[in-house]
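Residue numbering restarts at 1 for every chain, and letters A, B, ... go by the order of the sequence lines.
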Amino acid sequence: MAFLEIEGLSKRYGGLDVLKSIDVDLEKGGFLVLVGPSGCGKSTLLNMIAGLDAVTSGAIRIDGKLVNDLHPSKRDIAMVFQSYALYPNMTVAENIGFALEMRGMPKAEREAAVAEAARMLQIEHLLKRRPGQLSGGQRQRVAMGRALVRNPRLFLFDEPLSNLDAKLRVDMRTEIKRLHHRTGATIVYVTHDQIEAMTLATKIAVLKDGVIQQVGTPSEIYNRPANLFVADFMGSPAMNLLEAEVAADGANAPRMTLRRNGAAPITLRVPETKVTPAMTPGAKIILGIRPEAITDEGSADRSAGTLDTVNVLVDVVEPAGADTLVVTNIAGKEVIARLRADAEARPGEMLQLVFNLDKAVYFDPETGIRLQ
Amino acid sequence: MAADLPAGARSPIAARIVIYGLLLIFAVFYLLPFFVMLVTSFKTLDEIQDGNMLALPKNPTIAPWLAAWGTTCVGLTCQGIKGFFANSILMVVPAVIISTMLGAVNGYVLTKWRFPGHRLVFGMMLFACFIPFQSVLIPMALVLGTLGLAGTTAGLVLVHVVYGIGFSTLFFRNYYDAFPTELVRAAQIDGASFFQIFRRILLPSSGPIIVVTVIFQFTNIWNDFLFGASFASGDAAPMTVALNNLVSSSTGVKEYNVHMAAAMFAALPTLIVYVVAGQYLVRGLMAGAVKG
Amino acid sequence: MTIAIDDAYRPPRASSSGDRLRAFLPRLVLAPSFALVLFFVYGFILWTIYLSFTRSRLMPIYEIVGFDSYYRLFAQPNWYKALENLAIFGSLYIGISILLGLTLAILIDQRIRGEGVFRPIYLYPMALSFIVTGTAWKWFLNPGLGLEKTMHAWGWQSFQFDWLINSDMAIYTIVIAGVWQTSGFVMAMFLAGLRGIDGEILKAAQIDGASSFAIYRRIVIPMLRPVFLSAVIVLTHLTIKSYDLVIALTGGGPGNATELPSTFMYSYTFTRNQMSVGAASAVIMLMTIAAVIIPYLYSELKDPGHGR
């Protein structure tokens with residue numbers, strides 16, 4: 001039995017369905033990231049787990065016990081808020097110790113616990129300051145200290161890094177990951193940033209419009225997205241999604257034909273393992289392929305089973321330092337390829353690209369669901 | 001906005017002179033009546049009769065102030081206005097404290113513990129700020145009579161608390177509305193109770209709005225005349241009512257200097273508050289005028 | 001909009017009795033205040049309305065006789081005088097206060113030195129009681145000893161200023177004293193509005209070649225529309241409630257020359273023993289204010305971006 005179980009959870013505000021029958025669970029010590037665009041209901045879901053929002057229907061269980069109607073303070077959870085929610089009138093030490101004070105822990109014990117949490121987060125020198133005197137990163141650490149000191153059964157993080165600048169965000173991401181490893185805590189984490197989701201999670205739930213689109217490990221979500229929304233949302237630059245038609249010839253080994261404006265159509269093979277019954281000759285299909293699976297010849301994955309080479313006209317070249325992104329046009333859409341940094345590519349010239357079709361995924365254009 | 005204009009946009013010297021000239025003329029307009037009141041209160045009656053209203057007193061005397069405070073006749077008693085001044089203090093202090101405390105918890109509930117219908121409740125309390133008090137005057141007189149509070153300071157305290165709740169609730173509600181709700185949520189998860197959250201989290205950050213509310217209520221209640229005149233005539237009358245009785249009494253010689261000194265006594269408490277913390281009074285007035 | 005408004009904490013359903021108490025505690029805390037307001041404001045208003053339909057004189061008589069007192073109210077020449085005065089006083093008081101307040105705010109906003117001196121001087125009358133203001137102005141305008149005498153002393157022998165005791169002019173002295181008391185506050189409202197205008201808009205207008213006058217007329221003043229609205233509401237409210245100032249300055253006289261609905265209500269109720277007529281006039285006053293305030297409050301409360 002999982003440590004955190006959410007079953008058929010729904011939420012209505014006024015006449016609006018914010019969450020529709022959510023099912024997700026998390027094992028002890030796991031790191032669940034709820035990710036989705038703003039307004040998808042992920043923060044509401046977190047608030048319901050915390051007990052800050054009432055449950056319309058469904059069940060939330062922690063360690064096998066139904067907590068639907070339990071007051072937040074009795075759920076043995078800690079939460080880190082987007083704004084950090086540090087009490088402005090208290091020092092850092094008082095902020096961290098507040099929950100322990102409310103639970104009636106004796107002063108000496110409390111101080112020891114606060115000191116331990118501060119040591120772990122390297123904020124010992126800040127204990128006497130007030131939140132107003134701290135930098136963003138320091139506030140973030142204090143907020144985590146306030147959660148850590150309680151040693152709760154479950155940690156909840158509500159977009160904790162979104163108020164930090166880019167560099168600090170990466171540092172704190174590493175810090176959170178390290179803390180998770182060290183403490184073995186069970187964490188539910190909300191973000192709209194898909195990179196945070198990929199790097200931190202042991203399990204990701206992608207939400208859209210109050211409905212879970214897919215639950216899985218980061219690699220499942222990335223490599224085998226359940227539908228077009230997940231495919232498009234996860235990964236940056238986003239997965240190339242191209243309209244294709246199953247070629248009428250080659251009955252035993254289907255091929256995909258992609259139209260091009262002013263050039264001959266491209267034909268790409270389908271690896272045997274990826275052939276599905278839906279790939280009947282003439283069928284329309286969406287081909288999904290990530291930018292890193294379209295490369296120059298030099299950096300193509302030689303161990304891949306199905307590599308197809310295509311000549312394209314380069315539209316835009318974006319050197320990104322570690323690699324170079326090349327934008328071209330196929331099937332009426334922009335296609336982004338990720339080349340090695342020193343690849344020779346110039347706008348307006350022809351370029352040979354290698355498609356690693358082992359990494360390709362296929363979607364039904366009607367339902368948007370991945371074919372398998 | 002002018003602070004944002006580039007330096008080249010500064011008006012020329014002539015325009016500056018006109019601007020300062022106008023500002024000075026208006027300053028005279030606003031200061032003059034008070035100035036006349038002040039100098040008159042230090043003059044003898046003879047000097048008032050013969051001299052210029054705007055002239056400084058030739059032989060300044062504090063006799064009118066002493067008379068106003070201790071010996072002048074208000075109605076039938078001749079003990080000055082000191083007793084009425086005390087009435088006003090006894091009325092203002094409890095009324096301000098009680099209405100401010102109620103406003104604080106009301107604002108807390110209406111922003112951080114919303115319940116279905118919270119808007120209607122707030123709207124009804126807000127409208128109460130704006131009613132003409134004439135529309136409650138008769139029932140209030142009847143109820144105070146029934147309660148045995150007619151003509152007492154306690155009755156006035158009750159009246160001012162009741163009709164002060166609307167404003168104090170408005171102030172605290174607007175202030176707490178901007179107070180991050182995440183802090184309340186964090187405190188709940190930390191295990192703090194309804195009152196602990198109020199006392200430990202919100203109240204320590206409420207200094208400015210408490211000052212605004214206290215000053216606004218103090219000024220309003222001290223300056224009230226209608227309720228005082230309606231419900232507390234005679235010995236229980238507040239300062240404003242006594243001043244009006246003194247000034248408009250038609251018996252004997254009009255001691256204008258004493259009247260002006262008495263008016264200064266009525267004006268001083270709120271003026272001192274204004275000088276010390278005028279910005280807070282303005283903030284309160286503005287909050288009552290343009291919400292949020 | 002629903003989510004934005006309802007983002008405050010909503011407790012989960014209570015399970016134990018302690019939790020149930022906890023869920024009701026906030027409403028319990030609010031209840032006494034709300035009960036006071038319900039009884040002393042809304043209950044009393046209904047009570048007054050009820051009394052206005054009776055024949056109550058010195059003491060209330062709870063027997064409904066219909067619109068009798070309203071007929072009697074509108075048969076009183078005094079009441080018409082009060083309404084006429086209210087119209088004169090209201091329009092001048094509101095108009096001049098706004099004009100003066102706006103002028104002062106614009107003057108002060110010219111990056112002048114000594115703003116910290118001028119602003120408090122314009123504003124301090126707001127801290128005074130209307131009774132004090134009335135007393136001061138009564139003295140200042142006293143024909144025998146005040147302004148008139150001073151002008152004579154300065155050699156302007158023909159100067160005459162007897163408005164205070166002149167039936168035709170007395171109402172204007174109330175306008176003067178009222179404007180003196182509140183125009184500084186109107187200035188503060190406009191000044192806050194001016195300071196809230198985005199400086200970049202003004203820079204853009206200058207680059208577009210607008211003169212200072214054009215900037216004020218075409219851009220700044222139109223952007224102050226909400227302040228105008230607030231000022232009109234506040235001043236209307238003060239107009240209808242005005243009572244103290246009249247009592248202190250003229251006592252409603254000479255004769256009934258400065259009678260206002262507020263003084264009318266008071267004297268009919270408490271000195272002339274015509275309680276039902278007084279109640280009827282109070283109801284009319286309330287309805288007038290409600291007609292102005294309720295739409296205003298409604299629009300402010302309904303739009304969450306504004307009302308919060």
Side-chain angles (χ1 to χ4, degrees), chain B residues 1-4 9 19 22-23 26-27 30-31 33 36-37 52-54 102 105-106 109 112-115 119 121 123 125-128 130-132 134-136 138-139 162 165 177 181 184-185 194 219 223 225-226 240 243-244 247-248 263 266-267 270-271 274 278 282 285 289-292, chain C residues 8-9 25-27 29-30 33-34 36-37 40-41 44-45 47-48 51 104 107 109-111 118 120-122 124 127-129 131-132 135-137 140 146 150 153 185 188-189 194 197 199 202 206 230 234 237 240-241 243-244 248 251 262 265 269 279 282 285-286 289 293 297 300-301 308:
Chain B
M1 55 149 260
D4 292 307
I19 288 170
L22 284 171
L23 287 171
F26 282 120
Y30 285 103
L31 283 176
V36 168
M37 187 166 85
N52 186 321
M53 165 177 81
L54 297 172
L102 287 175
V105 291
N106 292 347
V109 170
K112 302 304 174 202
W113 297 86
R114 286 181 178 162
F115 48 87
R119 259 159 198 281
V121 168
M125 294 179 104
L126 193 58
F127 180 67
F130 293 101
I131 57 161
Q134 281 79 9
S135 60
V136 294
I138 301 169
V162 165
I165 289 177
D177 204 39
T181 300
V184 175
R185 295 181 160 211
F194 174 82
T219 308
N223 287 342
F225 177 74
L226 180 62
T240 48
L243 173 64
N244 188 55
V247 172
S248 56
T270 51
L271 265 188
Y274 175 75
V282 175
L285 290 166
V290 249
K291 309 187 312 95
Chain C
Y9 171 68
L25 192 56
R27 272 169 270 191
V29 166
L30 188 66
S33 300
F34 190 57
L36 284 178
V37 168
F40 283 96
V41 176
F44 279 15
I45 286 173
W47 194 340
T48 302
L51 284 173
L104 289 174
L107 287 177
D109 200 36
Q110 301 305 312
R111 286 200 297 184
F118 286 114
I121 288 177
Y122 300 155
Y124 85 92
L128 299 179
S129 152
I131 298 293
V132 173
T135 306
W137 278 93
F140 189 74
T150 307
F185 173 53
M189 291 174 71
L194 286 171
I197 291 177
L202 303 174
Q206 284 193 320
S230 296
V234 168
H237 177 228
I240 297 174
K241 285 194 359 177
Y243 173 74
D244 332 17
S262 53
M265 184 272 164
T269 305
M285 289 173 70
L286 175 71
I289 285 192
I293 294 284
L297 289 186
E300 293 251 314
L301 276 181
R308 280 151 58 91

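Both the backbone and the side chain of B:Leu31 come within contact range of chain C, each with at least one heavy atom under 4.5 Å from a heavy atom of that chain. For B:Phe127, the parts lying near chain C are the backbone and the side chain together; criterion is any non-hydrogen pair under 4.5 Å. Only the side chain of B:Thr219 comes within less than 4.5 Å of a heavy atom of chain C; its backbone N, CA, C and O stay farther away.
Of the residues considered (B:Ala128, B:Ala266, B:Ala27, B:Ala263), B:Ala27 shows the highest number of contacts with chain C, using heavy-atom pairs under 4.5 Å. If you tally non-hydrogen atom pairs under 4.5 Å between each of C:Ile45, C:Leu51, C:Leu286 and chain B, the highest count goes to C:Leu286. Across B:Val105, B:Leu271, B:Leu54, B:Val121, the residue that shares the most heavy-atom pairs under 4.5 angstrom with chain C is B:Val121. Ranked by non-hydrogen atom pairs under 4.5 Å with chain B, the options C:Phe118, C:Trp137, C:Tyr124, C:Phe140 are led by C:Tyr124. Interface check for chain B: of the options C:Thr150, C:Val37, C:Ile240, the most heavy-atom pairs under 4.5 Å are formed by C:Thr150. For chain C, the option among B:Pro33, B:Pro139, B:Gly123 with the highest count of heavy-atom pairs below 4.5 Å is B:Pro139.
Annotation: side-chain hydrogen bond (donor to acceptor under 3.5 Å, both in side chains) contacts of C:Ser129 (sequence neighbours excluded): none. Taking B:Asn106 as the reference, B:Thr169, C:Ser33 meet the side-chain hydrogen bond (donor to acceptor under 3.5 Å, both in side chains) condition, with sequence neighbours excluded.
Residues B:Thr270 and B:Asn223 meet the side-chain proximity criterion, which asks for heavy atoms closer than 4.5 Å.
Contact detail for B:Met37 and C:Ala136: the closest heavy-atom pair is SD-CB, 3.7 Å. Closest heavy-atom contact between B:Pro132 and C:Ile289: CD-CD1, 3.8 Å.
With B:Thr240 contributing its side chain and C:Ile131 its backbone, the two residues share no donor-acceptor pair below 3.5 Å.
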